[in-house]
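As structure tokens, the structure follows; a few thoughts come after it.
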Amino acid sequence: MGKFDEILDDVLVNAKTAASVVSKKATYVYGSSKQKLAAAEIRGEINKKLKELGALTYKSHTASVDCTDEILSIVNEITELKENLDTINQNLASAKNQKKCPQCEANVPKNSLFCNICGAKLEDEVYADDNENQVSEETVQEVTDNVTEENDSVNE
């Protein structure tokens, strides 16, 4: 019975290890999917704001109405949304072990010396802790909530 118990113990240890790896991968996929969803919602909100901006610009030119304050407000909202989108995209790239080319903004492997798209020389960066660049679930939820609130206020 001693050999059977050893084999059973080995099977249990391997099963626990495999379950741990699967759990970590599922957590990563869930977090990554949540970030991608937040990015898609932000892109949708940016598109809505751009349409509003176009309508206001058209109105101000054709009807000779001063919409400067409204236009500036929308421009500021778009800028904030784009900053949030950039943060999420940087964190997604960081999770994929990538960095952004400063020249063409393509995602390239972190260890690349040159961009594989435009050929630009990439700066050597020291990555102390990859977890430092990760977006927390709370940050993604906060950005998603802000976009949802803005959508609700626009729809009202």
Side-chain angles (χ1 to χ4, degrees), residues 17-156:
T17 304
S20 174
V21 169
V22 168
S23 173
K24 287 179 184 177
K25 184 66 176 175
T27 301
Y28 167 77
V29 169
Y30 174 75
S32 177
S33 297
K34 202 166 184 178
Q35 289 181 11
K36 289 177 183 177
L37 180 62
E41 288 178 357
I42 290 172
R43 282 190 297 274
E45 187 63 25
I46 289 171
N47 287 333
K48 286 180 186 177
K49 296 293 180 184
L50 288 171
K51 286 179 184 178
E52 288 177 36
L53 183 62
L56 282 173
T57 304
Y58 180 78
K59 180 181 176 182
S60 70
H61 284 288
T62 58
S64 297
V65 176
D66 184 22
C67 301
T68 306
D69 292 338
E70 294 163 313
I71 289 173
L72 287 176
S73 173
I74 292 175
V75 167
N76 290 334
E77 290 175 22
I78 291 171
T79 302
E80 185 177 326
L81 287 168
K82 285 189 173 199
E83 289 171 357
N84 289 338
L85 182 61
D86 286 344
T87 301
I88 290 173
N89 286 336
Q90 286 172 354
N91 289 317
L92 285 170
S94 176
K96 291 180 183 178
N97 204 26
Q98 296 177 335
K99 62 183 174 183
K100 193 171 284 267
C101 171
Q103 189 73 27
C104 69
E105 298 188 1
N107 287 330
V108 295
K110 279 187 182 177
N111 60 353
S112 295
L113 298 175
F114 295 92
C115 176
N116 56 359
I117 304 297
C118 70
K121 183 169 174 42
L122 302 174
E123 297 293 323
D124 290 334
E125 296 181 19
V126 178
Y127 295 96
D129 184 10
D130 283 346
N131 292 334
E132 207 171 77
N133 295 325
Q134 295 286 341
V135 170
S136 69
E137 191 168 313
E138 293 82 22
T139 304
V140 172
Q141 187 62 44
E142 181 180 316
V143 169
T144 304
D145 291 344
N146 288 343
V147 170
T148 305
E149 287 173 9
E150 289 176 9
N151 283 341
D152 292 344
S153 67
V154 168
N155 292 332
E156 290 178 354

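Start at 1 with the first residue, then count along the sequence.
By the 4.5 Å heavy-atom criterion applied to side chains, I71 and I74 are not counted as neighbours.
A pairwise comparison of heavy atoms in L122 and S112 identifies CD1-O, 3.6 Å as the closest pair. In terms of heavy atoms, I46 sits closest to K82 at CD1-CG, 3.7 Å.
A distance of 9.0 Å separates CG in L92 from CG in N107, rounded to the nearest 0.5 Å. For the atom pair CD of Q103 and SG of C115, the computed distance is 8.5 Å after rounding to the nearest 0.5 Å. One finds the CD1 atom of I88 at 12.5 Å from the CD atom of E83 (value rounded to the nearest 0.5 Å). Separating the CD atom in E77 from the CG atom in L50 is a distance of 11.5 Å, to the nearest 0.5 Å. Atoms CG and NZ, on D86 and K100 in that order, are 6.5 Å from each other to the nearest 0.5 Å. Considering OG1 of T87 and CD of Q35, their distance stands at 10.5 Å, rounded to 0.5 Å.
With sequence neighbours left out, the side-chain contact (heavy atoms from CB on, under 4.5 Å) criterion links V29 to K25, S33.
Side-chain N or O atoms of T79 include one that pairs as donor or acceptor with a backbone N or O of V75 at under 3.5 Å. A donor-acceptor pair is defined here as one N or O able to donate and one able to accept, closer than 3.5 Å; no such pair exists between the side chain of S73 and the backbone of D69. Put simply, the side chain of K99 gets close to the backbone of E123: a donor and an acceptor are under 3.5 Å apart.
Of the residues listed (N84, L81, L85), the one engaging E45 in a side-chain contact (heavy atoms from CB on, under 4.5 Å) is L81, and it is the only one.
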